[in-house]
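Comments concern the structure below.
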2 protein chains.
Amino acid sequence: MIDSSSQTIDNNSAHDDKTLSGQTTVALREAIIKGEIAPGEKLNEPKLAEQFQVSRGPLREAIRRLVAMRLVRHVPHVGATVVTLELNSILELYDVREALEGKAAALAAENMSEEDIAKLRALLELHRQHSQENPGEYMQTEGDFDFHYQIIKGSGNRLLTDQLCDELYHLIRMFRFQTSRFKSRSNRALIEHEQLIYAIEQRDPQLAEMLMRKHIARAKASIRDALNDSETGSLDQP
Amino acid sequence: MIDSSSQTIDNNSAHDDKTLSGQTTVALREAIIKGEIAPGEKLNEPKLAEQFQVSRGPLREAIRRLVAMRLVRHVPHVGATVVTLELNSILELYDVREALEGKAAALAAENMSEEDIAKLRALLELHRQHSQENPGEYMQTEGDFDFHYQIIKGSGNRLLTDQLCDELYHLIRMFRFQTSRFKSRSNRALIEHEQLIYAIEQRDPQLAEMLMRKHIARAKASIRDALNDSETGSLDQP
DNA sequence: CCTCTCTTTATTGTCAACAATATTATCGTT
DNA sequence: AACGATAATATTGTTGACAATAAAGAGAGG
């Protein structure tokens with residue numbers, strides 16, 4: 001077992017929030033991420049309150065939290081709508097990821113404990129094994145972020161971790177859900193993860209940062225190519 | 001042109017929010033940043049609602065937005081408290097700034113229009129002039145972020161801009177308010193800004209990023225030194 | 001037939017009362 | 001006197017009703 005909070009990636013500051021607002025937040029969040037509420041769709045407060053069996057108060061609070069997570073946009077006196085992830089937003093997201101996770105990798109190379117590094121390598125071997133047995137499986141995407149998640153946490157920077165794991169993570173999840181038909185090149189990711197962990201083991205912050213940045217930049221490029229080819233401008237509409 | 005709201009740094013998604021929640025948000029936010037509500041202090045909802053002449057509803061919403069801005073921490077059924085900026089949090093903040101603003105500088109070198117670059121240089125000259133006439137003046141701090149702000153906007157990345165200017169910016173302001181007794185080395189900043197704008201003019205993303213990162217890293221180091229000296233080690237424990 | 005205005009409707013913003021939980025104070029026991 | 005359990009208090013969470021604003025529709029005029 002890697003960590004007490006490793007399989008529950010969701011820490012979201014609401015992991016132990018038994019309050020109605022908290023529960024409604026995760027329910028609404030998941031509904032949006034899974035596409036049960038379509039991108040661009042308007043969030044009708046009375047309707048959703050009825051649907052989630054809560055009053056409008058907690059529902060409004062949930063909406064505000066999702067606004068902070070950038071899953072929802074809000075205009076005063078008009079209402080809230082689910083964000084639409086056009087290609088441009090995705091590319092912007094990956095630029096931010098590159099900057100933040102690159103720094104996280106550098107800090108991880110400096111601050112991560114030897115045990116945590118060992119656990120990280122164990123996790124990588126697990127993914128490699130799984131990938132060999134069932135090639136092209138779902139785990140690579142979840143597992144991929146598992147790996148990144150451990151490095152981010154290994155940075156020891158709380159602000160960085162919160163920004164990446166509480167806010168941006170759910171945006172990434174939403175995007176992956178919408179484009180799950182595209183299977184990612186998991187072999188390449190595995191190789192790059194291997195290089196990355198080696199840099200961390202060598203305690204080389206600059207190399208770790210460079211490798212992480214290139215890793216994410218390549219993912220970004222591959223997304224741009226895939227989406228440019230496949231849709232030719234006609235994928236992102238609902 | 002990217003946006004028309006350039007001199008009003010506060011865009012905060014509430015710039016034209018005439019709603020009570022919006023007004024309460026900025027009022028409460030400024031009160032916290034200026035220290036009228038002390039760091040670590042608890043936010044008593046009935047008391048603050050009375051103070052701001054609003055009901056608890058809008059006040060609660062304001063608090064939630066400030067939680068998203070990381071100016072306030074919230075625990076279910078216990079309440080909200082103003083964050084305490086220990087040295088550690090500040091250093092973490094500057095690491096995140098280094099990553100994000102570094103990338104912003106690189107993107108600005110790629111995407112900024114020639115006119116915007118010209119305006120940026122004009123702004124720098126203005127600050128230099130002001131700095132010569134009244135050495136060691138307040139403007140350098142506000143002006144410093146003005147400069148950074150223009151570069152961030154010049155990146156053309158909306159997510160990046162929002163993260164830096166809507167959320168982190170207010171944390172920085174709060175920190176500066178609390179430590180206004182320390183005068184920053186404005187001469188050095190001016191020189192480094194000069195180098196930075198030159199790299200942008202040359203359309204050299206890598207150099208621009210490097211310069212911005214070093215610029216912020218130096219600011220971080222100078223903060224660490226100043227705070228370590230002045231408070232003699234009794235600062236970072238809670 | 002289209003367009004503009006006014007009315008109607010629906011939706012968001014705000015409020016004050018109620019319920020649930022945590023904090024504090026009190027009291028008894030060791 | 002110190003500690004722990006229990007009751008009183010204060011604060012947060014939730015609810016439904018009310019007010020203000022925007023969207024939708026009807027009707028008159030061009």
Side-chain angles (χ1 to χ4, degrees), chain A residues 12-29 31-32 36-84 238, chain B residues 12-29 31-32 36-84 238:
Chain A
N12 182 33
S13 318
H15 49 126
D16 55 346
D17 190 346
K18 289 309 172 200
T19 198
L20 271 191
S21 322
Q23 293 175 279
T24 307
T25 302
V26 315
L28 183 57
R29 189 189 66 198
I32 288 176
E36 294 162 20
I37 305 178
E41 188 172 337
K42 183 151 189 284
L43 298 182
N44 186 310
E45 292 182 3
K47 193 177 121 205
L48 285 174
E50 159 69 21
Q51 183 173 332
F52 288 117
Q53 300 280 21
V54 291
S55 174
R56 270 183 59 215
L59 182 88
R60 280 171 66 88
E61 184 166 330
I63 290 179
R64 299 316 149 96
R65 294 202 213 177
L66 267 51
V67 168
M69 266 178 232
R70 303 178 193 284
L71 293 175
V72 166
R73 288 184 129 71
H74 175 84
V75 179
H77 286 123
V78 173
T81 56
V82 178
V83 294
T84 64
Chain B
N12 182 37
S13 319
H15 48 124
D16 55 347
D17 189 346
K18 288 311 172 199
T19 198
L20 271 192
S21 321
Q23 294 175 279
T24 307
T25 302
V26 317
L28 183 57
R29 187 190 68 197
I32 288 176
E36 293 162 20
I37 305 178
E41 188 172 338
K42 184 152 188 287
L43 298 182
N44 187 309
E45 292 182 3
K47 193 177 120 204
L48 285 174
E50 159 69 21
Q51 183 173 333
F52 288 118
Q53 300 280 20
V54 290
S55 173
R56 270 183 60 216
L59 182 87
R60 279 172 67 87
E61 184 168 329
I63 290 179
R64 301 313 149 96
R65 294 202 213 175
L66 267 47
V67 168
M69 266 180 232
R70 303 177 193 283
L71 293 175
V72 165
R73 288 182 128 71
H74 175 85
V75 179
H77 286 122
V78 173
T81 57
V82 178
V83 293
T84 65

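All values below come from the heavy atoms of this structure, side chains included, with hydrogens, waters and symmetry mates left out.
Atom pair E45(A):CD and dT21(D):C1' shows a separation of 13 Å (rounding to whole Å applied). Atom-to-atom, NZ of K18(A) to C1' of dA22(C) comes out at 18 Å; the value is rounded to the nearest Å. Protein atom CG of L43(B) is 13 Å distant from nucleotide atom C1' of dT11(D), rounded to whole Å. dT14(C) atom P lies 18 Å from atom CD of E50(B), rounded to whole Å. Taking atom CG of L48(B) as the reference point, atom P of dT11(D) lies 11 Å away to the nearest angstrom. Protein atom CZ of R60(A) is 10 Å distant from nucleotide atom C1' of dT11(C), rounded to whole Å.
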Report task. Run the numbers on I63(B) and L28(B) for side chain to side chain contact (heavy atoms under 4.5 Å, CB included), then give the verdict. Result -> CA-CA 8 Å; I63(B) 290 179; L28(B) 183 57; 4.0 Å; yes
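Within the structure, a side-chain polar atom (N or O) of N44(A) is placed less than 4.0 Å from OP1 or OP2 of dT11(C). Regarding contacts with the backbone of dT14(D), a side-chain N or O of T19(A) is found under 4.0 angstrom from either OP1 or OP2. An OP1 or OP2 oxygen of dA23(D) is reached within less than 4.0 angstrom by no side-chain nitrogen or oxygen of K42(A). Under 4.0 angstrom from either OP1 or OP2 of dG13(D) there lies no side-chain N or O belonging to S21(A).
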Query raised in the report: Going 5' to 3' along nucleotides 15-20 of chain C, which nucleotides have protein heavy atoms under 4.0 Å from the base (write B), which only from the sugar-phosphate (write S), and which from neither (write -)?
Result: BB----
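K47(B) comes within 4.0 angstrom of nothing in the nucleic acid, heavy atoms only. Contacts of L59(A) with the nucleic acid, taken as non-hydrogen atoms under 4.0 Å apart, are absent.
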Extract all donor-acceptor atom pairs below 3.5 Å that involve side chains of residues 48-55 of chain B and protein atoms in other chains or at least two apart in sequence.
none

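Qualifying salt bridge (charged side-chain N to carboxylate O under 4.0 Å, His left out) partners for R73(B), counting only residues two or more places apart in sequence or in other chains: none.
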